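Along the sequence shown, the residues carry numbers beginning at 1. Computed over heavy atoms, backbone and side chain alike; hydrogens, waters and symmetry mates excluded. These numbers come from a predicted model, not from an experiment.
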Amino acid sequence: MDFGLSGKRALVLGASQGLGAASAAALAVEGVEVVLLARSKDKLNAQIQDIIAKGGKASALVADLGRAADLQSILADPRGYDILVLNSPPPPPVKAGTVDRAAWLAQFEAMFLNQIDLAGHLAKGMAARGWGRIISIASTSVQEPIPGLVYSNALRAGLNGWLKSLSDEVAGQGVTVNTVAPGAFATERTSSLDAAAAKRAGRAVEEVAAEGAAGIPVGRYGDPAEFGAMVAFLAAQQSAYTTGAFFRLDGGSSRSGS
């Protein structure tokens, strides 16, 4: 199926690895010129070289989503973007009663304020051109809070609410806004969480990972390429009637029915 995206321009946040990188790669396959944003220049370059080697168009933008000043070049770019993939760096695991105000403010800026600044600004350009796609990489914690991931539980839920409001405002201008919530995928983030759990329990990482995979109805962690395919589909011309939606990609792990 031709998604009709050839020649479009996309900004993908947190694209140096994991689901952000997979999203950028999937869009590039569809002929999208992708700009990958992350803090690590070396990791970005590795992703870009891989995309270019496969015939895609890609470039890097080294920036820290926790620093509003780093994002000024995006806000000032007159070309704008047709597609925006929101994605914040994974926050550290913490318990609800142990976080001080300064830590909350730092995560709030990176995971919420700077994300809505970018989305709100780029949505204006998309609406003026009559076409755009905003896709947020969230977490199933938006609907089912995950023990120990307090930042994600609270701030991703807030961002999801804001995005739903934005989707209503720009739907009539050809701009769609959707959220994709991953469960456990075979990424560096999942590996680090498994390693931390194994250390706490005094067990082998392989044992913890196997147990985690066994607890997923499909019996495995997700392949990042599967996630990227969903992002590409939501960016497609064929997804013009899909907006304000929340999609779970978790192998059936979530217990809620909606």
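- For the pair T187 and Y221, the minimum side-chain heavy-atom distance is 4.5 Å or more.
- Smallest separation of non-hydrogen atoms from P224 and A22: O-CB, 3.3 Å.
- In plain terms, the two heavy atoms of A181 and F246 that are nearest each other are CB-CZ, 3.4 Å.
- A donor-acceptor pair is defined here as one N or O able to donate and one able to accept, closer than 3.5 Å; no such pair exists between the side chain of S88 and the backbone of A110.
- Residues V35 and I134 share a hydrophobic cluster, clusters being chains of Ile/Leu/Val/Met/Phe/Trp/Tyr side chains in contact below 4.5 Å.
- Taking both residues in full, the closest heavy atoms of A24 and V34 are given as O-CG1, 3.7 Å, listed atom of the first, atom of the second, then distance.
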Could you walk me through whether I74 and H121 satisfy the side chain to side chain contact (heavy atoms under 4.5 Å, CB included) test, starting with their C-alpha distance in whole Å, then the side-chain angles of each, then the deciding distance to 0.1 Å, before giving a yes or no?
CA-CA 9 Å; I74 303 172; H121 175 80; 5.8 Å; no
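- When the side chains of ILVMFWY residues are joined at heavy-atom separations under 4.5 Å, either directly or via intervening members, V62 and L65 end up in two distinct hydrophobic clusters.
- The CG atom of L159 lies 10.5 Å from the OG atom of S152; values are rounded to the nearest 0.5 Å.
- Residues Q237 and K8 meet the side-chain proximity criterion, which asks for heavy atoms closer than 4.5 Å.
- With hydrogens and angles ignored, the 3.5 Å screen pairs no side-chain donor or acceptor of D82 with any backbone N or O of G132.
- Considering only heavy atoms from C-beta on, F3 comes within 4.5 Å of M1 through its side chain.
- Judged by distance alone, with hydrogens and angles left aside, the side-chain atoms of R9 form no donor-acceptor pair with the main-chain N or O of V32 at under 3.5 Å.
- Between G14 and N87, the shortest heavy-atom distance links the atoms O-ND2, 3.2 Å.
- To the nearest 0.5 Å, the span separating CZ on F247 from CZ on F227 amounts to 11.5 Å.
- Residues Q173 and W131 have side chains that never bring a donor and an acceptor to within less than 3.5 angstrom of each other.
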Which pairs would a plain distance check flag for residues 90-107, meaning a side-chain donor or acceptor within less than 3.5 Å of a matching protein atom at least two apart in sequence or in another chain?
unit_1, atom_1, unit_2, atom_2, d
T98, OG1, K95, O, 2.9
D100, OD1, A102, N, 3.3
D100, OD1, A103, N, 2.8

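- Residue L84 holds its CG atom at 9.0 Å from OG of S136, rounded to the nearest 0.5 Å.
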CA sep, side-chain torsions, deciding dist, call: T176, N178, side chain to side chain contact (heavy atoms under 4.5 Å, CB included)
CA-CA 7 Å; T176 67; N178 293 291; 4.0 Å; yes
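- Using a 4.5 Å heavy-atom cutoff, the side chains of L86 and I135 are not in contact.
- Taking the side chain as every heavy atom from C-beta outward, W162 and Q115 never approach each other to under 4.5 Å.
- In this structure, the side chain of R129 engages the main chain of Y81 through a donor-acceptor pair within 3.5 Å.
- Under the 4.5 Å side-chain heavy-atom criterion for grouping Ile, Leu, Val, Met, Phe, Trp and Tyr, L118 is not connected to V85 through any hydrophobic cluster.
- Using modelled atom types, one side-chain atom of T243 and one backbone atom of V177 make a donor-acceptor pair closer than 3.5 Å.
- Residue M111 holds its CE atom at 13.5 Å from CD1 of I116, rounded to the nearest 0.5 Å.
- Taking CG of D64 as the start and OG of S40 as the end, the distance is 12.0 Å to the nearest 0.5 Å.
- Rounded to the nearest 0.5 angstrom, F112 CZ and R156 CZ are separated by 13.0 Å.
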Side chain to side chain contact (heavy atoms under 4.5 Å, CB included) between D117 and L71, worked out
CA-CA 9 Å; D117 280 349; L71 307 181; 6.0 Å; no
Tell me, with the steps shown, if R67 and D70 meet salt bridge (charged side-chain N to carboxylate O under 4.0 Å, His left out).
CA-CA 5 Å; R67 290 171 47 86; D70 281 12; 3.2 Å; yes
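- Under the 4.5 Å side-chain criterion, counting only non-hydrogen atoms from C-beta, S16 is not in contact with K41.
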For the pair L36 and L13, evaluate side chain to side chain contact (heavy atoms under 4.5 Å, CB included) and give the outcome as yes or no after the intermediate values.
CA-CA 6 Å; L36 287 71; L13 309 185; over 6 Å; no
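- Looking only at distances, no side-chain donor or acceptor of T190 sits under 3.5 Å from a matching main-chain atom of A186.
- Here the side chain of S239 pairs no donor or acceptor atom with the backbone of T242 at under 3.5 angstrom.
- At a threshold of 4.5 Å between non-hydrogen side-chain atoms, the residues E30 and I83 do not count as touching.
- The minimum heavy-atom distance linking A38 with A15 is given by the pair CB-N, 4.1 Å.
- No hydrogens or angles considered: nothing links the side chains of T140 and D250 as a donor-acceptor pair under 3.5 Å.
- The two residues S167 and G244 have their closest heavy-atom pair at OG-CA, 3.4 Å.
- Residues V175 and L75 fall within the same hydrophobic cluster, defined by Ile, Leu, Val, Met, Phe, Trp and Tyr side chains chained together at heavy-atom separations under 4.5 Å.
- Among residue pairs with one or both ends in residues 196-212, those qualifying as side chain to side chain donor-acceptor pair (under 3.5 Å) are R203-E207, R203-E211; sequence neighbours excluded.
- For the pair V12 and L37, the minimum side-chain heavy-atom distance is 4.5 Å or more.
- Looking at R189, its side chain never comes within 3.5 Å of a backbone N or O of G18 through a donor-acceptor pair.
- For K57, the side-chain contact (heavy atoms from CB on, under 4.5 Å) test picks out E33, with sequence neighbours left out.
- Side-chain heavy atoms closer than 4.5 Å link hydrophobic residues (I, L, V, M, F, W, Y) into clusters, and following such links, even through other members, never connects I137 to V142.
- At distances below 3.5 Å, at least one donor-acceptor pair connects side-chain atoms of N153 with backbone N or O atoms of L149.
- Checked for salt-bridge contact, R220 and E226 meet the test: a charged N lies under 4.0 Å from a carboxylate O.
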